[in-house]
Structure formats: structure tokens, C-alpha cells
Amino acid sequence: MSIELGHFALILAFAMACVSALGGLLLWRRGDRLAAVLAQASILQFVLVGVAFLAVVQAFVSSDFSLALAANHSHSLKPLIFKISGVWGNHEGSMLLWVLILVLFGALVAAFGRRLPSDLSNLVLGTQSLLTAAFAGFTLFTSNPFERMVQAPLEGSDLNPILQDVGLAIHPPLLYAGYVGFSICFSFAIAALVSGRIDQAWARWVRPWTMLSWTFLTLGIAMGSYWAYYELGWGGWWFWDPVENASFMPWLAGTALLHSALVMEKRNALKIWTIFLAIITFSLSLLGTFLVRSGILTSVHTFASDPTRGLVILTMLAVLIGGAFALFAIRSPALRQGGLFAPISREGALILNNLFLATAVGAVLVGTLYPLLLDALTGTTISVGAPFFNFTFGALMAPLLLVLPFGPLLAWKRADLVAAGQRLMGFAALAVFLAILISALGGVSISMVPLGLLLGFWVTLGSIAELIERCRLGRIPLGDSMRRLVGLPRSIWSTALGHMGLGLTVLGIVAVSAWETELVTTLNPGETAQLSGYQIAFDSFEQVPGANYIADTGNFTVTSPGGGTATLHAERRTYVASGTPTTEAAIQTYGFSQFYLQLGEPLDDTHVIRVWYKPYILLIWIGTLVMAGAGVLSLTDRRLRVGAPQRARKVVAEAAR
Amino acid sequence: MPRLADKRLGPMIFWSIAIAVTAVACAALFYAAAGRTVNAAGPEMIDPDEHFRLLLAGIEADEHSGKLDTAQALAARGELARELLRSKSESTARQPDTLGRAPLLIGIGAVAALSLGIYAALGSPSLPSLPLAERPEIAAQNIDLEDAVARIEARLATTPDDVRGWQVLAPTYIELGRYTEAVNAYRQVLALTPPTAELRTDLAEALLLEAGGAGSDEAMALLAEAAASDTANIRSRLYLAAELMRTASYEDAAVYWQEAINLANGDEPWLEAANQGLAVALNDGVDTAAQDQMEMIQGMVGGLSERLYADGGTVEEWMQLVRSHLVLNDRENAQRAYDAAIAAYPAAFDRGELDTLALSAGLTLNGDTP
């Protein structure tokens, strides 16, 4: 019964979304009563989809194989956490999760948006309902997670073993929260275009949602990257795989949106560009969903390829994105341009940031779609590999990183570049010194490495320049400086941390690319090998049974140059239900560096082992965590909250004086 | 609850709950509109003034901290004032229309009709949930088989002439993997009932399982008796043929393969294996199919290596070439192909599983600096 009630709840939510979309978009001028109904409907949709989702979770947890989804993707022996995460480890379930997060954001707007002007609120919730109707409809009619089996099998066919990992419990929900969160920005953009109401207040509404989605997306991508790093067994952390690019493009566009919304909020400029970016960002999220869900790309993310589904998603994509851009083309000339500013100003710097980011999106988009289009049109298969992306993307990011520390030091409207330069002089000198020192110690020949290090240190150090400037370190007593530092607005801390996180990630990327070492060899138990001063002893080999797999386990002792020892267990697992093997690499962390050991296929007593030493690789993910932390910090800044404005006639009268 | 009643009641309970849920949701929507008209003091709009107040505070803060000088601050205030005026003139007091009762009711009605209609088309209200723990098959499985066997054994200890007890036990022993006891049980059955071809085959099967696949004289004799006594018994013939193949008596095996094939209807799952067995038996034990496969691999290797050495190829293709050489037991060429692949892909990362394949087959990694 619970499964069918869940099915009904999803259908009821779909019906409600259809009617809300029509009502919101057609009758948006009808004021408060409609706004109240739409807000109620948004909250109800969330409750209903939540019930539907819980019904599927319940079926997975209780191994109810009369639900086709559970029969195809679960197994009664799976540990509980993988039974739950297995709900979205397949096409239908992951679409259901998509819809759940979509209605969650709709409900959040309804809950926090009670003070939105009613016409804006109607349009936003109407657009949001339209998206819900489209995706819930797609889920129900082409990929229904509630499909039943009349003859229920006694055992399920298990989840792809690669996905049986805590990564599946974390990565997709975070990534989807990021993707789907941008739908709110999209809905606000559509509302602004339809109503013609676009002002700083609009930007104040949109920016927290952008920040929230961006934070989730940052964490989602970072988590996906780390998961691929430890699970796929190659020790690579970014492959420029089309699926990765599909999540990276909305991130780049979202980063641009974050900065342009800032200009709009503070200075009422860049309005049309901000609207455009909001549409682009969500369109790229949809494109990512399409690429991954349609089965066009084969990867660990492809659960089933069904041409009908691809076609339906493509149509939805064309209608939603095409409609949004058509609306943009018609309405944007009617929008009023915003405030003016000199080229050398905070606004100017942010525009520069936007130009580089937008070009980077373009480069990644071309590199991702060109092979697909060529394949579809001419049948020629080419692969645009890492060299293309590394070169193009690197060439675009280097100048961006170079000018980045200047941005926060420039004043709004018009600024003094020389003064900003003088303030950064010390940091620049320090960055140059560190880059030369480390290059010399690391024994680097003439290459891009010193430049990479220089940029990394420059951004990391330059990001704290504003903090030091604001707290007047060295110019007033230290205690006063510290008090000033703590008292700084959180938005300033957030800017500094966000930029510093980027610098740390750059440093990690440069270090691991330059100094990674690798060893492939055959080893018998009892033998030893050496890599970068680390001694690897193969102690023993044994078979260990797991919950739903059998593991060939190699036990190793690694002795670091400092003399410390660590015991590592690398596994090759064979899953009982599917017979599929997976590798579980053994990873030992030394500070920010990692030692990565993978057990290859065995033959008689010999084992192929692959070992990597990855210096400072953790900085890559620590940097992204710092960036996400900056996002959270910015969200806690009261001035950005979807706030409760107070009437203050007196001050306004003063301002108009 | 009896099953019949359950089948009829299930959908009824389901529809009652579904309609109740729909009714509650629709009521919530209806009263959301009504509630707001009763309580609302006026349209709750975002206050644009608040926004300008914050901007002004920002300008003042910048002026205090010295980021703007007095003239700049004055200009910024001026711009803010112009912005405020423009904003005021734009937001002409437009009295929003209000939502009438008719569109509200139509919308709510549409929600109810759509959801119930779509569910009627897509749903399966009569299918109950079947959590694994509550399923009858599982419940039956949970009766301890060993326990039941022990009880029957205890009874047979006092009444060893009870044929039905042995008949139940024998296949159960096979299922539990207790072959020696199964042999004993079948012997008891055979002693207590007239021997049939099926029964002899069963005993022979148990003997074969007990011996781990190796045939014994007793098993062969039983199978031969079974085949002779029942000209339509397929199972005994298949066992005989397989055993004779194992002992290289191809001529006799061919006879039994042929007899079994003659008895087949044409859609049996074993038929293909039997045909293959017959072909091998007629060819004195040489498997031509396997030979053909070898020839095919050799042909493929020829074409593939010609192309790869001339034009290069992907890592997967090199891997296929190395693997094919290894299958053909041609280590020299396997090593040559592996060296060429390393020359084409010097970075170990690019070579992927190729290294694993080559190294585990005992090839050496030349000219590579890991």
C-alpha cells in the first residue's frame, strides 16, 4: 500500500504543479490571494514529493522487490546506508531526487518569500511549478520509479558495485541541490522579464539563492572529484570527462552570476547581463542533466540509455531554454540600464571576472559538445582530451588569477589602480619569493610550474590583503587591529576566504601535477619496493568476506622517509550478486600529501601493484571546502538574508533631500 | 485476513485514502486563499525604502572609513536620490486584481481530477507491498531444513521400512550436499520398491556427485541398466555419454549422444551441448569448434597487428593484440606488441589495464620510467 500511496502522492504533486504553473504564469497580476494559494501549493508539492520519496526509500530498505526499481537496483544483503543511497543510484530514482530538491527550493521560496511583491512571487512560483511539472511529468511518464512487478523476484539484482560507497550518499544530493538551486535564479529572471520589474531589490533576493546553490554545487563537484579519485583506482582527480564538464559549466557560470549579482545589488548596474547569466546558468544545469540522463554519454553515471527519454529531455530543454531566451530577446530591450562607472573600479574588475568566466564556459562547452555533435552529424568519433582543456582553460584562468587580488581592493564606481597596486606590492614580492624558493627546492626545470606556483601564492596571499588593509595591521596597536579584524563584515571575510580557497586549490593542482611520482611493478608477498623515499613492504595476501562481496586483500606496510610506518589494505572486491569486480585503493595521508596504492589483477602468487605519491593533493579539496565555507559565511551575513525590511520613512526623506 | 477478502479490500482502502488525501490538499489550497483575504491588512510588498536606506548607510560608512571623499560621497548621494525618485515614479500605484472564487475552484477541481485520473491510468492499486521479511516464500524457507531432516531420520531409525521417508530424504540430502547419505537413501528406496530407470539414474547421479564427477563401475552399470530398461530415458543416456567422453570411449559415447538427440523434441536446453558432444565424439575427441576459434583469433591477430604497427591505435586495441598473442601462446610477439604499445603510450596512466594484463602474464616492462 505504501508504494501505491507514494505513487499517488507524486501524481498529486504533478497535477498541482501543472495547475500552479498555469495559474501563476497566466494570472500573475491577480495579487495576494493567488500568491497565498501558490505558496501553499509549493509547500504541499514538497510534502507530497517527500512522501513519494520516502515510500521508495521504505521499499528499498525493506527489500520490497514488488517495486521494479528495488528489484533492479537493490539487494537484501546490502548494508542499510547503500539501500538508502541506492534509491538514487539509478535513472528513475535520481530523477525523483531531482524533483524532490526542485520542490524543496520552491517550498523554501514560498516559506521565506512572504514579503515578496505578489506579482513577483506569483511569477517565480509559477515558473518553479512549470519546471516541477516538466520534470515530475518526465519522471512519471518516461521513467516511473513506481513501476511494479506482478511476479516479485525473491532477490534484487544489486546496485552497481562502484556506486556502493558513501560517495553515493553525499555526491548526488549535493550536486543536485546545486544544479536545481539555480532554478530559483532562473525563475526570478523569468519573473523579472515578464513583469519588467528589475531593480536592486531583485538582486538582493536573487543573490542568497545564487550563493546557496553555488555552495552546494562547489561541494558536490569537489565530492564527486574526490570520489572518482579514490574509487576509480587511477588516482586521477579530474578527467575533463563530459560528465564532469557538465557540472563544471554551471559552476563557472554560477560563479560569474554570483559576482555580477553583487554589482547589481550594490550598484544597480549590469542588470541585463545578470538576468542573462541567471538563464544561462540554469540552462547549463539542464544541459548537464540532459547529457547525463539521456544516455548520450556512457560513464558510471549512465544507468540506462533509452532514446525516447533522451528525446523527451531534449524537447523539454529546447522549450524551457528556447522560451527563456526568446522572452529575454523580446523583453530585455525594454529594461532600463543601470548605473554608470569608470573602467577602473570594482564594477570594472567584476566585469573582467565575468568575461573570463564566460569565455571559459564557452571553451568547455565547445570542447564537450563538439565531439558529440560531430558524432551525431557525421558519425566521426573524435575525442577532445585533457590537453585541449588544460591549455585553453589554463590560458583563460592565468590572467583571471593574475588580476583577481586587485578586485576587492578597488572602490566602487571609480578607483585608483596604482594605490591598489601599492598595497599589494608586499604580497606580490612574497609570492615571487615563495615560488622561486619552492621551485628551486623541488628541482623544477623551465616549465609552467613556477608560473603556476606564483599564481597560486599570489591569489592565496593577495586574498588576505583586504583583511590586513581593513584592520590596519602594523599601523595601529596589534590588539586594536585584531578587534577590527573580528569586527569586519562577514561579506569581507567571505570574499577573502573564497579567493583564498581558489588559491589553495591552484597550489594543490600545480604541486601534484609537477611532483607526482608513480610506480608500476609486480610484487610477491614478502617483497618490498620503493617510491619517492617511501618503502613499501607487501606483507601478506588474503581473502576476506564482506557483507555482499568477497575481497582479495593485500596488506602492506609503508615506511615514510621520516621513519613512521602505516599499515595499508588494498582490495579487489567481487560482488556476489553481479559478479562485478571493483578495486578499493589504499590511501595513506601524510600532511597534505597522499600515498595511493592499488592492487592489480593477481596471477598465481604475483600481484601487479600501482603506487603513486601525490604531494599536496589534499590542497585541491581543502581549497574547495574553504570556498564553500566562504559561501556559508556569506549566507549568514544578515544583510544578505531574505530579510524583513522595516519601514523607515525618516531616513528616506533624508536621502531624497 | 483471508486472501480473497484482502484482494478486494486492498484497492478500496487505497482509494479511500487517496481521495481523503486529495480532499485535504484541495481544502488546504482553498483556505490558503480564504485565510489571506480575512487577515491581510493590505498588500505585503517589499519595502523599496528599506533598500535605499541601506545604500545610504553604506555610502556614509564608506565616507567615514575614508574610502570616499566628501565630494564623492555627495555625488553618490545625489545619484541615490535620482534612483529613488525614478523608482517612485515607476511604481505607480497599481491596484492588483484579485483572484476570484471561480478560477480558484476550477484550479482545485482540475488538481483533483488530474491526479485521480492519471493515477487510475498509471497505478496498480491492487498490488500490495511485499517487504522481504513478510513474504510467504521466505517464511516457508525459514523452516529449518536440517531440523526437518533430523526429525525424519529419527522416525526412520525406528521404522526403516518406510519408503516415503527415504523418498523425501534422498533429494533433500542432494540439496544439502550430503551425497554419501543421499546414496544410502536411494539404495534404501531401490531395495524397497521395484527398480525403475529413473530410480537407477537417481542413484547413479548421487554416486557421481559423491565421487566428485568421476564415474564408478557401479554408477556406469546402473546407468547402462537404466538406458537398457527404458528406451525413452534421456537422462541416463546423457550421463552415460558424458562419462564415456571422459574415459575417451568416443565410439560408444557417439551412440548414446545420438540416441539422446533422437529422443529430443528440439527445444531442450541440453540439445546444443549434445550436438556438440556428438560432433566431438565422431571426430575422435578433437574439438573442431575450438580449432575454428583459434584460426579466427590468428586471422584477427594478423589484421590487427598489421594495422597497429603501421598506423598505431588505441590502448584498447593494443591490449587486444597483446591478449590475443598470449591466448595463442606466442610470448615473443606479445612482448613485441607490448613494447610497441609502451613506445606509443609512454605514460603508465594512459596505458590503463594494459600493464596489469602484461605484467601478470609475465611480460616485462621495457623502456618505461615509471
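Naming convention: chains lettered A, B, ... in sequence-line order (proteins, then strands); numbering from 1 in each chain. Keep in mind the model is a prediction, meaning the values are calculated, not measured.
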May I ask you to decide if [Y]'s main-chain N or O and [X]'s side chain share a donor-acceptor pair within less than 3.5 Å?
X	Y	answer
A/Asp64	B/Ser129	no
A/Glu4	B/Leu127	no
A/Arg148	B/Pro128	yes

* Structure fact -> With chain B, the option among A/Ser66, A/Ala39, A/Ala13, A/Ser76 that has the most non-hydrogen atom pairs under 4.5 Å is A/Ser66
* Among A/Ser62, A/Ser20, A/Ala41, which has the most heavy-atom pairs under 4.5 Å with chain B? -> A/Ser62
* side chain to side chain contact (heavy atoms under 4.5 Å, CB included) between A/Leu12 and B/Thr22, worked out -> CA-CA 7 Å; A/Leu12 186 55; B/Thr22 314; 4.1 Å; yes
* Pick from B/Pro103, B/Ala110, B/Gly123: which one has the most heavy-atom pairs with chain A under 4.5 Å? ->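 Maximum pair count with chain A is reached by B/Gly123.
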* Considering only heavy atoms and a distance below 4.5 Å, find which of B/Ala18, B/Pro125, B/Cys26 pairs most often with chain A. => B/Ala18
* To do: Please look at A/Leu44 and chain B and tell me whether the side chain, the backbone, both or neither of the residue comes under 4.5 angstrom of a heavy atom of that chain.
  => side chain
* Non-hydrogen atoms of chain B under 4.5 Å away: do they reach the side chain of A/Leu27, the backbone, both or neither? -> side chain
* Asked: What are the two closest heavy atoms between A/Met16 and B/Ala25, and how far apart are they?
  -> CE-CB, 3.8 Å
* Shortest non-hydrogen contact between B/Leu114 and A/Cys18, atoms and distance ->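 Looking at all heavy atoms of both residues, the shortest contact is CD1-CB, 4.3 Å.
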* Look up atom CG in B/Leu29 and atom CG in A/Leu38, then write down how far apart they are to the nearest 0.5 Å. => 9.0 Å
* side-chain contact (heavy atoms from CB on, under 4.5 Å) partners for A/Ser42, two or more places apart ->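 With neighbours one apart ignored, the set is A/Ala110, A/Leu125.
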* Heavy atoms, side chains only, cut-off 4.5 Å: are A/Phe65 and B/Leu130 in contact? -> no
* Quick one: list whatever passes ring pair (Phe, Tyr, Trp, His ring centres under 6.0 Å) with B/Tyr119, sequence neighbours left out. => A/His7, A/Phe8, B/Phe14, B/Trp15
* Structure fact -> Whatever's closer than 4.5 Å to a heavy atom in chain A on B/Leu104 counts as side chain
